[in-house]
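Take a look at the structure below.
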Amino acid sequence: MHDLRVFRDQLDQLRDAMRRRQKLDSLTPLIDRGIQLDSDRRATIQAVESLKAARNANAQEVARRKRAKEDADDLIAAGRDIGGRVATLEEQLAILESGIQGVLLELPNLVLEELPDGGEEANRVEKTWGDPREAAGVRPHWEIGETLGMLDLPRGAKIAGSGFIVFRGLGARLVRAMMNVFVDTHVREHGYEEVWVPVVVNRASMTGTSQLPKFAEDMYALRDEDMFLVPTAEVPVTNLYRDEIMDAAFLPHGFVAYTPCFRREAGSAGKDTRGLLRVHEFDKVEIVRYCTPETSSAEHETLTRHAEVLLERLGLPYRRTLLAAGDTGFASAKTWDLECWAPGVGKWLEVSSCSTFTDFQARRANLRYRPAPGEKPRFIHTLNGSGLAFPRVIACLLEHYQQSDGSVRIPEILQPYLGVAVLR
RNA sequence: GGACAGGUGGCCGAGUGGCUUAAGGCGCACGCCUGGAAAGCGUGUGGUGGGGCAACUCACUCGCGGGUUCGAAUCCCGCCCUGUCCGCCA
């Protein structure tokens, strides 16, 4: 969310960012509405507050006269009149304020200077690690997984629906191994605090990280309560300190959480439906960082490296892609996607998305810190990234490490947790 | 799910319609005192929004949202959360 003052002080920046997001045309009416509402709001506040000041003075005088046993009927009548006018203006003000909230909640974040202009086609691969295996002769992961008895997609579809996975035997154990390896690495080597959080959250949390109000159709909602299944641990974890003021010494602070993630994928029917490529429920380890505005750029690189290290330990070839302005998510100011090579399907699969949100989420979730005792609170910056998302990593593991006899080697880092070196 | 008791500033805690612009204490900051410290004394100490270059000033803020009233921390209604007991339950 932007500061309300964006409509007075940062209009050029706002319009330029929306242009780079390729949304200026569709958002111009919204921006114009914001400008008008802001100016109406301030005029109304001035009117209502001067009336309130008069009302307060009047009430004080009534009190004084009553104590002095004097008559105050004329003042009480005057107060009644002021009160009526206040009520009318306050109604108008409430309408203006909720209008402004509506506008602010629907405007995406500014984007950073260095993003390429353009849409998805302008995304820029910044580096590639490892040697992508030739696609020829490699079977897709769903065949490998089924043959090895690790994956049971038909039964997943039966008990929940298409896009829900059943892992079996060493497949199930592999999921558990990844939870441990990923979380342990972030805790022991990267200094994150491990947290275990609810995966059902309230509306305020979903609004704090920007899933609501704009993307309601992407998530699962409970029927009897105003609560939602999280699409990512970003939601509960970023909201941990919602409406709090942190000490400066607390920053920077990293959190790591494993959670299942639930996504309706309403807009992606028919895309990437095979195997583990796009599913409604999946497991993910998420890393979230809180920091000061001064350090967020460096923190973004740090966080992204924390995700990359896991891919390197797993020995999976990957590339880092800087998303163009037009492909960058609603709340993000800058995003690097990490994509892993899956030779069986012949595609680079997004296994992590590492973003800096600048103060956008912090303002929505009211996450602040006090730079020094006695100073005014400031909004923090928030960042997050997958570290990592399981199903696509499993797909890449199965395809990349597939051997000619149909068995699959297991990277050394997973072996102690999994108990075997080869799946056969 | 039911019954009862609660929710006041960084913390404790008073306050049942107007001498409360939230008493008092603790903590914290600064000053006085001191050779230095402690104690003591004094002053200050939240957040949001509006106006103003600023000093400053106005409004709002006693869990949240409505209502009654000239005036609400205080009265009424709804909700949320916490505690205790009961019921149910992995």
Side-chain angles (χ1 to χ4, degrees), chain A residues 1-10 34-105 196-208 212 222-228 236 239-251 260 359-380:
Chain A
M1 188 163 66
H2 300 282
D3 191 306
L4 180 54
R5 295 183 186 89
V6 76
F7 297 121
R8 292 165 241 167
D9 307 336
Q10 283 185 290
I35 296 168
Q36 183 62 48
L37 286 168
D38 173 55
S39 129
D40 291 352
R41 169 179 174 272
R42 280 183 294 156
T44 307
I45 284 176
Q46 286 175 37
V48 79
E49 287 193 354
S50 67
L51 274 177
K52 280 183 176 180
R55 182 182 68 180
N56 291 345
N58 187 259
Q60 287 301 310
E61 183 57 16
V62 171
R64 193 198 60 77
R65 283 205 201 165
K66 294 238 170 186
R67 280 196 300 276
K69 308 273 192 236
E70 294 170 15
D71 178 74
D73 288 352
D74 56 328
L75 293 183
I76 287 172
R80 193 175 291 133
D81 176 56
I82 296 173
R85 285 150 69 200
V86 166
T88 307
L89 280 176
E90 278 194 324
E91 260 173 60
Q92 288 172 23
L93 186 58
I95 291 167
L96 291 169
E97 303 233 303
S98 76
I100 285 180
Q101 274 304 305
V103 169
L104 287 173
L105 288 172
W196 191 275
V197 293
V199 297
V200 183
V201 300
N202 57 31
R203 181 173 292 274
S205 294
M206 281 293 192
T207 306
L212 286 176
L222 301 198
R223 188 186 56 198
D224 294 329
E225 301 191 60
D226 194 28
M227 299 184 90
F228 308 87
N239 276 283
L240 277 174
Y241 281 73
R242 170 151 50 83
D243 294 323
E244 295 192 38
I245 300 173
M246 289 161 256
D247 289 336
F250 185 71
L251 304 174
D359 62 2
F360 190 82
Q361 290 183 328
R363 189 170 280 112
R364 288 171 85 107
N366 197 22
L367 296 163
R368 293 177 295 169
Y369 78 106
R370 198 181 297 282
E375 286 188 36
K376 282 278 182 191
R378 300 172 73 200
F379 290 109
I380 65 166

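Computed from a prediction, not measured in an experiment: that's the story for all the values here. Order of the sequence lines sets the chain letters (A, B, ...), proteins ahead of strands, with each chain counted from 1.
A distance of about 41 Å separates the P atoms of G49(B) and A37(B), rounded to the whole Å. Distance noted for atom C1' between U45(B) and A22(B): 15 Å (whole Å). U74(B) and G17(B) are spaced 7 Å apart, taking the C1' atom of each and rounding to whole Å. For the P atom pair drawn from C11(B) and G66(B), the interatomic distance equals 25 Å after rounding to whole Å. Nucleotides G25(B) and U8(B) place their C1' atoms 15 Å apart, quoted to the nearest Å. Going from the C1' atom of G13(B) to that of U20(B) covers 15 Å, rounded to whole Å. C77(B) and G6(B) are spaced 15 Å apart, taking the P atom of each and rounding to whole Å. The separation of G52(B) from C41(B), taken at their C1' atoms, amounts to 38 Å, rounded to a whole angstrom.
When the ring pair (Phe, Tyr, Trp, His ring centres under 6.0 Å) test is applied to Y369(A), no partner is found at least two apart in sequence or on another chain. When the side-chain hydrogen bond (donor to acceptor under 3.5 Å, both in side chains) test is applied to D3(A), the partners found at least two apart in sequence or on another chain are R5(A). Qualifying salt bridge (charged side-chain N to carboxylate O under 4.0 Å, His left out) partners for R223(A), counting only residues two or more places apart in sequence or in other chains: none. Remark: D359(A) engages R363(A) in a side-chain hydrogen bond (donor to acceptor under 3.5 Å, both in side chains) (not counting sequence neighbours).
For K52(A) and A59(B), the NZ to P distance is 10 Å, given to the nearest whole Å. As rounded to whole Å, 8 Å separates atom C1' of U21(B) from atom CD of Q60(A). Taking atom CZ of R67(A) as the reference point, atom C1' of U20(B) lies 11 Å away to the nearest angstrom. When the P atom of C80(B) is taken as reference, atom CG of D243(A) falls 18 Å away, rounded to whole Å. Protein atom CG of L51(A) is 12 Å distant from nucleotide atom P of C60(B), rounded to whole Å.
Not a single donor-acceptor pair under 3.5 Å links the side chain of S39(A) to the backbone N or O of I35(A).
Inter-residue side-chain proximity for Q361(A) and L367(A) is flagged as unmet; no heavy-atom pair is nearer than 4.5 Å.
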Exercise. Using Watson-Crick and G-U wobble pairs whose two distances are both under 3.5 Å, how do you write the pairing of RNA chain B as dot-bracket, with | for links to another strand?
Worked result: ((((((((.[[[..)..(.....]]]((((((.......))))))((((((....)))))).[[[[[..)....]]]]])))))))....
Do any side-chain atoms of residues 239-249 of chain A form donor-acceptor pairs under 3.5 angstrom with protein atoms, and if so which ones, sequence neighbours left out?
from, atom 1, to, atom 2, distance (Å)
N239(A), OD1, R242(A), NE, 2.8
N239(A), ND2, S205(A), O, 2.8
N239(A), ND2, V235(A), O, 2.8
R242(A), NH2, S205(A), OG, 2.8
D243(A), OD1, N366(A), ND2, 3.1

Return a table of donor-acceptor pairs under 3.5 angstrom between the side chains of residues 66-80 of chain A and protein atoms on other chains or two or more places apart.
from, atom 1, to, atom 2, distance (Å)
D71(A), OD2, D73(A), N, 3.4
D74(A), OD1, R65(A), NH1, 3.1

Only pairs under 3.5 Å count here: list side-chain donor-acceptor contacts from residues 45-55 of chain A, not counting sequence neighbours, and write none if there are none.
from, atom 1, to, atom 2, distance (Å)
S50(A), OG, Q46(A), O, 3.4
S50(A), OG, A47(A), O, 3.1
K52(A), NZ, E90(A), OE2, 2.7

Less than 3.5 Å apart, which donor and acceptor atoms pair up between the side chains of residues 91-103 of chain A and the rest of the protein, not counting sequence neighbours?
from, atom 1, to, atom 2, distance (Å)
E97(A), OE2, R41(A), NE, 2.5
S98(A), OG, I95(A), O, 3.3

Exercise. Using a cut-off of 4.0 Å between protein heavy atoms and nucleotide atoms, how would you tag nucleotides 46-51 of chain B 5' to 3' with B, S and -?
Worked result: -SSBSS
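Proximity of N56(A) to the phosphate of C58(B): no side-chain N or O atom is located under 4.0 Å from OP1 or OP2.
For the segment residues 73-95 of chain A, residues with any heavy atom less than 4.0 angstrom from an atom of RNA chain B are, sorted by number, I76(A), G79(A), R80(A).
For residues 367-379 of chain A, the salt bridge (Lys or Arg N to Asp or Glu O under 4.0 Å) pairs, not counting sequence neighbours, are E294(A)-R378(A).
Within the 4.0 angstrom heavy-atom criterion, no nucleotide atom of any strand lies near R64(A).
M1(A) pairs in a side chain to side chain contact (heavy atoms under 4.5 Å, CB included) with only one of the listed residues (T207(A), L104(A), V6(A)), which is L104(A).
Taking the nucleotide of RNA chain B with the nearest heavy atom to each of A59(A) and R55(A), the more 5' of the two is matched to A59(A).
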